[in-house]
Amino acid sequence: MEKGGLTSFFEDFIEREGFFLDRNVLTTSFSPESILFRDKEIEQLANILAPLLKNERSSNLFIYGNTGTGKTLTVRHVTSNMESVVVQRQIPLKFLYVNCKMKRVADTEYRLIATFAALLGRQLPSTGLPTDEVYRVFYESLENSHTHVLIVLDEVDQLIKKTGSDVLYNLTRVNEELKNSKITLLGISNDTTFLDNLDPRVKSSLSEENLFFAPYNALQMQSILRSRAEKAFRESAIDSGVVEKCAAFAAREHGDARKAIELLRVAGELAERNKSKSISLAYIDEAQEKLENEKIFEVIKNQPKQFQCVLYAILSLKSNTDFSYTSDIYNLYNKLCFKIGLRPLTQRRVSDIIGEFEQLGIISTKTISKGRYGRTREVSARISNSTRPMAKKILEEELEIQ
DNA sequence: AGTCCACAGGAAGGGCAGGCGA
DNA sequence: TCGCCTGCCCTTCCTGTGGACT
């Protein structure tokens, strides 16, 4: 861009009437004043948690349902309403919210308890202390706080998958240790089968009450999108059919409203950047691809070198069958390591890394038996053909492969 | 019916970085 | 500073297993 060009670009940008009235309405952190189609759940949740306001113990609670069905939103909605009552009436009640998926924050027992202690005002080192000691500090801060504490464990299934159910067992027993304070647990999970595989003693104490969030149907999804779009965009910014298409995309993802809202926002941004008159249907497709790409590229860039090398092997192996076997991946991975001077990990470890990529949704695997020729896993990348070259390019840059 | 392949995945333990108390 | 502790990443060793082959 020329020298004067940049100034006039910014001036143009300000002058031009954008689509957005309020972009924030379409971000994940936005909390709407009212949550559509969740009245029943809100009421149930409020009923269960209300005793906390009278300093009585409430039941531990387990909330489950697919991604983007409003679980976290509903919990935040109810607790923030409670919080304003708490502040007004000076009720001894605190809310600790933790997303257990947060790497290096709450994905191990140690880190989780240390995070709680930090939220109660006691900073602990990231490693080095015995776990007992971390618990002791946590109990101590709880006792000293003289309050009831509601602990919200979002994506609790991720934590249990990684660390086992001991953490939950310990947390459900905290009340036996405390005199001045009490805790109530609220677990949220995207995995609807999570409870079935949980240790029975933990299961009974965590899920004293259960709340299921059913996926939104197509019509509900459209209403949700419309109500957000009204606040987010100027009138007539959206072509007809756009909301319906976003809803249809999301319905394909098991009624994930978060995804639909994100889709709408990105489509708006793309249209705005292209100086279009309105958001047309074509932008939804483009937004869909952009979102998919961004998610994948972000994950790829944040992986350690060994993980990147494994993924590069998987992406490079794509044969005419669309999937590859563990052994082929491992062999290619070994060659790659040699090429770039990386010490190769064992097959056992690589097998776990493949499992971790599956968790991240980058690949999918299926354990199969080839009879006489052994058992193995079929690994296929969940990256579209159009995204794949860019993903490989990023890995080549990260790994410095010529 | 029995064998055997090529892994999956559990268990145990080593090495490392980092914190604590003496 | 030193010895001892931790969590985490990784290796080593091991058992389990679905189904083609004999």
Side-chain angles (χ1 to χ4, degrees), chain A residues 98-118 121-141 153 157-171 191 193 197-199 299-300 302-314 317 319 321 323-338 340-360 362-381 398-399:
Chain A
V98 167
N99 188 319
C100 303
K101 213 175 166 181
M102 296 279 279
K103 278 217 162 191
R104 313 203 189 288
V105 175
D107 57 343
T108 67
E109 183 172 18
Y110 182 105
R111 285 169 180 163
L112 181 73
I113 305 301
T115 301
F116 289 150
R122 288 284 296 274
Q123 291 296 334
L124 287 166
S126 59
T127 172
L129 295 181
T131 312
D132 291 355
E133 176 66 8
V134 180
Y135 270 105
R136 197 192 59 72
V137 172
F138 172 52
Y139 289 163
E140 198 178 281
S141 350
L153 297 165
D157 48 315
Q158 299 287 329
L159 175 74
I160 303 310
K161 236 177 245 168
K162 208 177 159 195
T163 69
S165 54
D166 280 4
V167 203
L168 278 186
Y169 182 67
N170 291 336
L171 281 174
D191 177 0
T193 64
N197 310 318
L198 200 60
D199 183 340
V299 173
I300 289 176
N302 287 324
Q303 297 303 315
K305 277 238 161 14
Q306 294 285 6
F307 282 59
Q308 290 175 335
C309 202
V310 172
L311 186 61
Y312 189 73
I314 294 171
L317 260 176
S319 58
T321 49
F323 54 75
S324 37
Y325 297 118
T326 312
S327 55
D328 299 333
I329 294 167
Y330 187 66
N331 287 338
L332 183 58
Y333 157 80
N334 255 316
K335 280 184 199 150
L336 279 168
C337 282
F338 180 73
I340 60 175
L342 201 64
R343 194 178 60 83
L345 301 173
T346 55
Q347 179 153 316
R348 178 72 188 83
R349 179 64 187 137
V350 169
S351 174
D352 278 346
I353 291 174
I354 290 173
E356 285 183 50
F357 275 126
E358 188 175 22
Q359 284 278 315
L360 289 169
I362 300 276
I363 61 169
S364 52
T365 75
K366 192 172 136 200
T367 308
I368 56 142
S369 172
K370 293 193 285 175
R372 191 80 172 76
Y373 306 102
R375 255 158 73 89
T376 184
R377 271 195 294 189
E378 281 177 0
V379 177
S380 49
E398 293 279 323
L399 293 166

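Letters go in sequence order (proteins before strands), and every chain restarts at 1.
- For A:Arg349 and C:dC9, the CZ to P distance is 7 Å, given to the nearest whole Å.
- As a whole-Å value, the separation of A:Lys305 NZ from C:dC9 C1' is 17 Å.
- Two residues are said to be in side-chain contact when any heavy atoms from C-beta on lie closer than 4.5 Å; A:Ile354 and A:Arg377 meet this criterion.
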Any chance you could lay out the side-chain contact (heavy atoms from CB on, under 4.5 Å) test for A:Val310 and A:Leu336, step after step, and finish with the verdict?
CA-CA 9 Å; A:Val310 172; A:Leu336 279 168; over 6 Å; no
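- Rounded to an integer number of Å, the gap from CZ of A:Arg111 to C1' of C:dT6 is 12 Å.
- For the pair A:Leu124 CG and B:dG18 P, the interatomic distance rounds to 18 Å; values are reported in whole Å.
- Under a 3.5 Å cut-off, the side chain of A:Ser351 and the backbone N or O of A:Gln347 do not form any donor-acceptor pair.
- One N or O on the side chain of A:Gln306 and one on the backbone of A:Arg343 form a donor-acceptor pair closer than 3.5 Å.
- Checked by atom type and distance alone, the side chain of A:Glu398 never pairs as donor or acceptor with a backbone atom of A:Lys305 at under 3.5 Å.
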Do nucleotides 3-15 of chain B as a string where each nucleotide becomes B, S or -: B if the base has a protein heavy atom under 4.0 Å, S if just the sugar-phosphate does, - if no protein is that close.
-SBBBSBB-----
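- Judged by distance alone, the side chain of A:Glu378 and the main-chain N or O of A:Phe323 form no donor-acceptor pair under 3.5 Å.
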